Amino acid sequence: MTRAKLHRRLIGTALCTALLVGCTPVGPDFVRPNSPVVKEWIEVNSPSAGPSGLTSRSAPVVKWWETFNDPTLNKLIAEAYAQNLDLQVAGARVLQARAQLGIAFGELYPQSQAIGGSIEQRQISDNLRPVSDIQQIIPLDTEFSTSQVGFDAQWELDVWGQQRRGVQAARSNLALQVANYDDALVTLTGDVAALYVNIRALQESLTVARENILLQQASADLTQLRFDNGVTTELDVQESTALLNNTKALVPEIESDIQQAKNALAVLLGTTPSRMTSLLGNSGRIPSARSNVAVGVPAELLRRRPDVRAAELAAATQSAQVGIAMADLYPQFILSGSIGLQASGGRDLFSSASTTSLANAGVVWNVLNYGRIKNNVRAQDAAYQALIANYQNTVLTAYSEVESAMVAYTQSRKQVGFYENSVAASRKAAEIAVDQYRDGIADYSRILNTQTALLRSQANLIEARQQVSSNLVAVYKGLGGGWQIRQNQEFLPETVLAEMAYRTDWGDLLQETPTRASLN
């Protein structure tokens, strides 16, 4: 049998082996882990929620912030989506995962492919004994050159599915990074809305504080006038002065809180704090949404929330890693070969007689490393089990977050009604107290108590109204709304994509749906 026939037979045997046993990859095939099932939300249509509370009617929650009917809020979220840098980090990881998927696809083909060439000039020492002995008998040229050019390739056959599991892992990782991006977008929209509600609440608090300063200043002036006329004692003057200054002290604190909130919002928008005043103005009202909120059914939550999808995909990625580790327990079948031209000197290099080739089929089996390999399989399986538990815990956490946000929303709406009544009564009481004090019917302690109660009631009402809007934001955030705005959009701004394309040849990987060719 000639050498060429032997090479062909070895290659054929290896290929047949690959076809016979390389159909089903080793390792577990991922199945979505079991998780608790919730049939209905506790607060939905609950009598405690009231007639205008939450409903199980399904409704799209894509741009849930538009339910607040606040153009400024809409503008802030649009700017955050376009400029937030944490979101750009998540988008860059999506593109990185696309490139990594291309690497995994490439492992299905010959892993080593190289074209090379060389020219070698060699001088053999005349003082080497074998050479000198031969030189005494036959003159020998001890200086010569060789040149060669050729193509080499090596292919580890995917008999046990190691490379295919690698592709599965890379696919799952790409989907995982997309889910992480969506989760970052849900968090971003929720945080922007919550900060905006907080800023508006602080601005309302500042307005209320200044209104009460005017009211208390009038009362202080009245006590001073009565004291000057000898109608009352200095005690009234000092008490009114203390109350007035306590209220005045609220202003710098609130102004500081407003600026700090604006600074935090500027980070989310990817801009500087100096722009916040022009975007927000110096005053505003807490945004309020419609009272009827459609939250759907719990089964929709698992499909909608990106963090739940991310937890599932992380487990799927690790499941493939178990198969990759298990493949190391079995022998590796390797095909390698080369073809090229080789000659002494360079004159006859490209003649047909200079052709050289090599074909090889081999088997490598790490039998002496079985303990290490088995423990790696066990380690990968333990990591997989941990991610299964993490998925189940993420599902439970999602249910809990939504339920907590719902009950907080429904109960804070009740508080608003009570505090509105309290503010109305406190304002009326403060007016009566001032009139009675002016007429000498009541002492100043009545004014002190009623004006203190008025300020407290107004602060409580603002906080309750803020909680209604903030809790509604938490409901929508818990339901996983907002990430859908990125559909049919790129994961990075156009300016960033242009910079990346200028810096590196990305092919069409920067597009939303790259072609199969660009992944190879």
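Fair warning: this is a prediction, and the values are worked out from it, not measured in the lab. In what follows, every heavy atom counts, from backbone to side chain, and hydrogens, waters and symmetry copies are set aside.
Within a 6.0 Å sphere centred on CG of Leu85, heavy atoms belonging to other residues, nucleotides or ligands number more than 12. Atom CD of Glu66 is surrounded by more than 12 heavy atoms from other residues, nucleotides or ligands within 6.0 Å.
In this structure, the side chain of Thr189 engages the main chain of Val186 through a donor-acceptor pair within 3.5 Å. Judged purely by atom type and a 3.5 angstrom limit, Trp160 has no side-chain atom pairing as donor or acceptor with the backbone of Thr24. Under a 3.5 Å cut-off, the side chain of Ser404 and the backbone N or O of Ser400 do form a donor-acceptor pair. The main-chain N or O of Val407 is found under 3.5 Å from a side-chain atom of Thr410 such that the two form a donor-acceptor pair.
The closest side-chain heavy-atom distance from Leu265 to Ile199 is below 4.5 Å. Annotation: side chain of Asp381 is not in contact with side chain of Gln385 (no heavy-atom distance under 4.5 Å).
Cation-pi check for Arg305 over Trp483 is not met; the charged atom does not lie both under 6.0 angstrom from the ring centroid and within 45 degrees of its normal. A cation-pi geometry, defined here as NZ or CZ lying under 6.0 Å from the six-membered ring centre and within 45° of its normal, holds between Arg413 and Tyr409.
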**Message:** Between Glu499 and Arg503, is the salt bridge (Lys or Arg N to Asp or Glu O under 4.0 Å) condition met? List the steps.
**Reply:** CA-CA 6 Å; Glu499 181 181 347; Arg503 185 173 61 236; 3.6 Å; yes

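Looking at every heavy atom in both residues, Lys262 comes nearest to Thr277 through NZ-OG1, 3.7 Å.
Below 30°, between 30° and 60°, or above 60°: for Tyr181 and Phe491 the angle between ring planes is above 60°, a perpendicular geometry.
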